[in-house]
4 protein chains.
Amino acid sequence: MSKIRRRVDRLARVTDIDRPRRRLPRSVREQEIIDAALRVFAKRGYRAAVVDEIADLAGISKPMVYLYLGSKEGLFIACIRRETQRLVTAFREAAGAGDDPARRLWAGLTAFFGFVAAHRDSWVVLHRQAPEQSEAIAAELAAARRSVRAEVTGLIGDGIARGAGGAVHLGRDDADFVAHALVGAADSLTDWMELHPGEPPEGVTLRLMNMTWVGMRNVLAGEVWAPPR
Amino acid sequence: MSKIRRRVDRLARVTDIDRPRRRLPRSVREQEIIDAALRVFAKRGYRAAVVDEIADLAGISKPMVYLYLGSKEGLFIACIRRETQRLVTAFREAAGAGDDPARRLWAGLTAFFGFVAAHRDSWVVLHRQAPEQSEAIAAELAAARRSVRAEVTGLIGDGIARGAGGAVHLGRDDADFVAHALVGAADSLTDWMELHPGEPPEGVTLRLMNMTWVGMRNVLAGEVWAPPR
Amino acid sequence: MSKIRRRVDRLARVTDIDRPRRRLPRSVREQEIIDAALRVFAKRGYRAAVVDEIADLAGISKPMVYLYLGSKEGLFIACIRRETQRLVTAFREAAGAGDDPARRLWAGLTAFFGFVAAHRDSWVVLHRQAPEQSEAIAAELAAARRSVRAEVTGLIGDGIARGAGGAVHLGRDDADFVAHALVGAADSLTDWMELHPGEPPEGVTLRLMNMTWVGMRNVLAGEVWAPPR
Amino acid sequence: MSKIRRRVDRLARVTDIDRPRRRLPRSVREQEIIDAALRVFAKRGYRAAVVDEIADLAGISKPMVYLYLGSKEGLFIACIRRETQRLVTAFREAAGAGDDPARRLWAGLTAFFGFVAAHRDSWVVLHRQAPEQSEAIAAELAAARRSVRAEVTGLIGDGIARGAGGAVHLGRDDADFVAHALVGAADSLTDWMELHPGEPPEGVTLRLMNMTWVGMRNVLAGEVWAPPR
DNA sequence: AATGAATGAGCATTCATTCAT
DNA sequence: TATGAATGAATGCTCATTCAT
């Protein structure tokens, strides 16, 4: 009987079916380990995650985990890399190379919310982990987040560039500002989505677009808001 | 000589002046402990924070920490409570009770960004900690975040209610949606502010308002954006 | 009942009386820990030594060991330093500052054998450990051995300098050669002593002096041995 | 590609040329494994040696190592046996069966130093390993050392027997005493040789003989040294 | 004959928490 | 009130050894 059953699960430890699976080729096993790590890191946070649990969930022993990914840090970084890749890919493929910036942003955001709804763990690992655990992790997380933001900036900047006739307040680094705001909003809306399970990604995007894009369009057209004095 | 000096500081351990302080009244000492805890939790994250360092930073011995706050979890919860209180208060006082919803939102957000700029640790502890460390912490963090969002919802909802004539897409729980988005955006903009140290809180608010409020106003007026098909 | 009793002693684990001793002042406890470490390192070798056993033998828990000496390596280095100090002191006090080099060497060697007979562990730790475990250990062991050899070299060199009229083969770095040889011989003779428990240190010294000093004296006087051809 | 390449070499791991070798006769392969083991044990010490590295260095997989030598302990014992054999043989062949005891001792010691200079690993494995790792190893090491000492004792005892007319202090087990001392000296001089790379084995022997043999000869002739009182 | 894949068991180190004073 | 001294319980990581092919 596998070690999983013998261990006292702490709280509601993630478990899996107890199928004896052995002798997998390296590449397959490696992906499975990353799958497991992703879930555990997402559930517990980096520090609270325990390598033992990752091994259990992957259905192998701890030494295998270390043989494949080298260290807890290595596990985490592998997760970040793979999931960033996945998210960016989903984003890009959806945004495509169309002509209408609004359309592309809408498609990209929809893909984003769809991805997060389908792979909550990925997002949680990428954006809900304190980057203070180590130099390497900080660097990796920063890079990952930057690369996600870059996708948005690409779309936004594009839209702004095209539409920016006499825009006043939307200027130089505004695309970056907006990207920060949009990604932050999107992050937070992943929580909102959990509270509204029925809502499809398109709905979330529609709301967010209405909340922001309409305004940005108007602003670009010169209708600037200023605090009343 | 205090234990602080004998221990090898790990990396750049937060330190304080080595003044001998004794016999403080309970309430004062307790606040000092929470001050220390806040800094350490913000710097390291909940799990990585070490009670020893908190005690050192507070200038007292570990047993005192336990005497006052009971446990590491107790420390953390005390931090959350106090800082939520502070943030909400700052928000409320700024938003005031004026008549113009936009003005109130603007004032509230400005206070928010001003507060975060001045008390980064508070915000980091409230919004950058994984809530999965324990039941109690999850509950406390959820409550704290809800209560921050409630402030925003109050302003937004107010504004929406007053202006919402024939709004189509802004309906029942839209205020909550917008609050999520705004708080998330604000959180993320917290990072943006670190990259642009010169920008005053008012500037950040102005940009964010232009990005969202203008649009929301239009939407309320019936100008809805829909994805091109 | 203490943890000592609960643990399954592997082979013949060194144990001690199970007296509950608590709250010792730091300096005393530290010496006791070094005592325990010395025994365990001597018995098992650096790698095979287990910190748990050291803690058990010192009658405390493992965290105390780490609080006091920092790491297994720290424990080992502390042992080396203290015991080198002791051995060198014993050597020096015995050799004194007399006039007769032979007498001083004899006294020093006698002290040496006496010390080793009485503190086998010290010697074993200083001279029977592979210095390849870490940079720090290699350095420390090298220094320790050098400093022991230096004592001998001091005496030998002294004797040689005084008596060296027309010495042919005993010249420049001969003192170092002889020191190596003598210390090596002495090391090996500590084993011989274990096989001959009755023999007093003076006896061992007498034999060794007869084996070497007489010859060196003659050599200094010009009577050189050369291989027959 | 072999596993050697994928593993990160820890510090300066001993490596070898990456030639693919297969289907060697049992006896050859076994010797190659012992060669590899010898180097690794010498470099790291018994405990710190890792079977993986031995397999890598031997250019085969770990299971083969176990198939041939059974266990880490088995590897070590095989090393001890083979190298003892080699050293003793070198010693014997050099000492020959001549008539002059001094000459034979000189030749034996010269062979010894030559052997050690040429096969440092062998000596290190035989004389620089703590014998406390296991019963079997302790026994094997003791036997090996005894058998090396026996060679010396043979020569010494022979010399003493022949020359010992009215020797006073050289008596019953003196040969064993001298053998201990000589082998210990020789061991330590092994280090000295590393510090003086130019010195040929003959030179070392000459110095050692002058240091000891001349004296022993005199002592045998009755000129005994005694401590001044 | 040979090996890639796998693991049980151990070990150094850390940390929240509590006594004894 | 205040603390120096102490520890139980993890947790990351390693290594000798063995299957399944």
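Below, chain A is the first sequence line, B the second, and so on; all start at residue 1.
Residue A:Tyr68 is the one, among A:Tyr68 and C:Ser71, whose nearest nucleotide of DNA chain E lies closer to the 5' end (criterion: closest heavy atom). Residue whose closest nucleotide on DNA chain F sits further toward the 5' end, between D:Lys72 and A:Glu73: A:Glu73. Each of C:Gly70 and A:Pro25 has a nearest nucleotide on DNA chain E; the 5'-most of these lies closest to A:Pro25.
If you take CG of A:Leu69 and C1' of E:dA6, they are 16 Å apart, rounded to a whole angstrom. When rounded to the nearest whole Å, the span between CZ of B:Phe76 and P of E:dT17 equals 14 Å. At whole-Å resolution of the value, CD1 in D:Ile77 and P in F:dA16 are 16 Å apart. Rounded to whole angstrom, the span from the CD atom of B:Glu53 across to the P atom of E:dT14 amounts to 15 Å. To the nearest angstrom, C1' of F:dT7 lies 14 Å from CG of B:Asp52. Summarising the geometry, the separation between CZ on C:Arg44 and C1' on E:dC11 is reported as 14 Å, rounded to the nearest angstrom. Counting to the nearest Å, the P atom of F:dA16 and the CG atom of D:Asp56 are 12 Å from each other. Per the geometry, CD1 belonging to C:Ile54 stands 12 Å off P belonging to E:dC11, to the nearest Å.
In this structure, C:Glu32 contributes its side chain and C:Leu24 its backbone to no donor-acceptor pair below 3.5 Å. Checked by atom type and distance alone, the side chain of A:Glu83 never pairs as donor or acceptor with a backbone atom of A:Leu38 at under 3.5 Å. With hydrogens and angles disregarded, no donor-acceptor distance shorter than 3.5 Å links the side chain of B:Gln133 to the backbone of A:Ala48.
Closest to the side chain of D:Ile60, out of F:dC15, E:dT3, F:dT3, is E:dT3. Among the nucleotides F:dC15, E:dA2, E:dA5, the one closest to any side-chain atom of D:Met64 is E:dA2. Distances from the side chain of B:Ser61 to the nucleotides F:dT3, E:dA16, F:dA16 place F:dT3 closest. Side-chain proximity of D:Pro63 to the nucleotides F:dC15, F:dA16, E:dT3 is greatest for E:dT3.
Where pairing requires Watson-Crick or G-U contacts shorter than 3.5 Å, the helical stems of DNA chain E with at least three consecutive pairs are E:2-21 with F:2-21.
Within 3.5 Å, no donor on the side chain of B:Lys62 pairs with an acceptor on the base of F:dT3, nor the reverse.
In terms of phosphate contacts, A:Arg29 brings no side-chain nitrogen or oxygen within less than 4.0 Å of OP1 or OP2 of E:dA5. Proximity of D:Tyr66 to the phosphate of E:dT3: no side-chain N or O atom is located under 4.0 Å from OP1 or OP2. Contact between the side-chain N/O atoms of D:Arg47 and the OP1/OP2 oxygens of F:dC15 is not found at any separation under 4.0 Å.
Nearest heavy atom pair, residue A:Ala49 against residue A:Phe41, reads CB-CD2, 3.5 Å. Between A:Ala136 and A:Glu73, the closest heavy-atom pair is CB-OE2, 3.7 Å. Between A:Leu141 and A:Val125, the shortest heavy-atom distance links the atoms CD2-O, 3.9 Å.
With salt bridges taken as basic N to acidic carboxylate O contacts below 4.0 Å, none links D:Glu132 and C:Lys43.
With A:Ile33 as the partner, the side chain to side chain contact (heavy atoms under 4.5 Å, CB included) test is satisfied by one option alone out of A:Val28, A:Leu57, A:Ile60: A:Ile60.
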